[in-house]
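Structure first, commentary second.
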Amino acid sequence: MSDIAIMVEGTGPIESLHRSWDLSRSFVLRTVGYLLLLSVISGVITGLLNVFLGFGLPDLLPNLDQELLDGLNGSIGILALIFVAPFYTTAYVLYYFDLRVRKEK
């Protein structure tokens, strides 16, 4: 959470770590659970895109050699991350603001 405090509040690294700890002190398990849930959701979405497109690609393009298929699968993985990363970042920032509202009212 400290990197968000640096951007939003314009604090330095040490001050933002203190701020982050103060915000999440009474919500440690909730914060860990939330971040684990976000990681699992992001991993599942990325993995499903990789699996469905990775296994379906040889059937759609049977004339391509294995190296080109591997390159396409890698590109699909990167594209999946490009679409999942904004979701993850938005949820992370919303949780930071939720912590601020709960702590500071």
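Only heavy atoms go into these numbers, but all of them, side chains included; no hydrogens, no water, no symmetry mates. Given the structure is predicted, the values throughout are model-derived calculations rather than measurements.
At a threshold of 4.5 Å between side-chain heavy atoms, the hydrophobic network of Ile, Leu, Val, Met, Phe, Trp and Tyr places Phe27 and Trp21 in two separate groups.
Closest approach of Arg100 to Leu23, counting heavy atoms only: CG-CD1, 3.7 Å. When all heavy atoms of Ser42 and Tyr88 are compared, the closest pair comes out as OG-CD1, 3.5 Å.
Looking only at side-chain heavy atoms (C-beta outward), Ile41 and Val44 stay at 4.5 Å or farther from each other. By the 4.5 Å heavy-atom criterion applied to side chains, Tyr95 and Leu35 are not counted as neighbours.
With rounding to the nearest 0.5 Å, the separation of OG1 in Thr89 from CG in Leu94 is 11.0 Å. Leu68 CG to Asn63 CG: the interatomic distance, rounded to the nearest 0.5 Å, is 11.0 Å. Put simply, CZ on Phe83 and CG on Leu49 are 9.0 Å apart, with the number rounded to the nearest 0.5 Å.
With sequence neighbours left out, Asp98 forms a side chain to side chain donor-acceptor pair (under 3.5 Å) with Arg30, Arg102. Here Leu81 pairs with Thr46 under the side-chain contact (heavy atoms from CB on, under 4.5 Å) rule; sequence neighbours left out.
In this structure, Tyr92 contributes its side chain and Leu38 its backbone to no donor-acceptor pair below 3.5 Å.
For Leu36, the CG atom counts as densely surrounded, since its 6.0 Å shell holds more than 12 non-hydrogen atoms of other residues, nucleotides or ligands.
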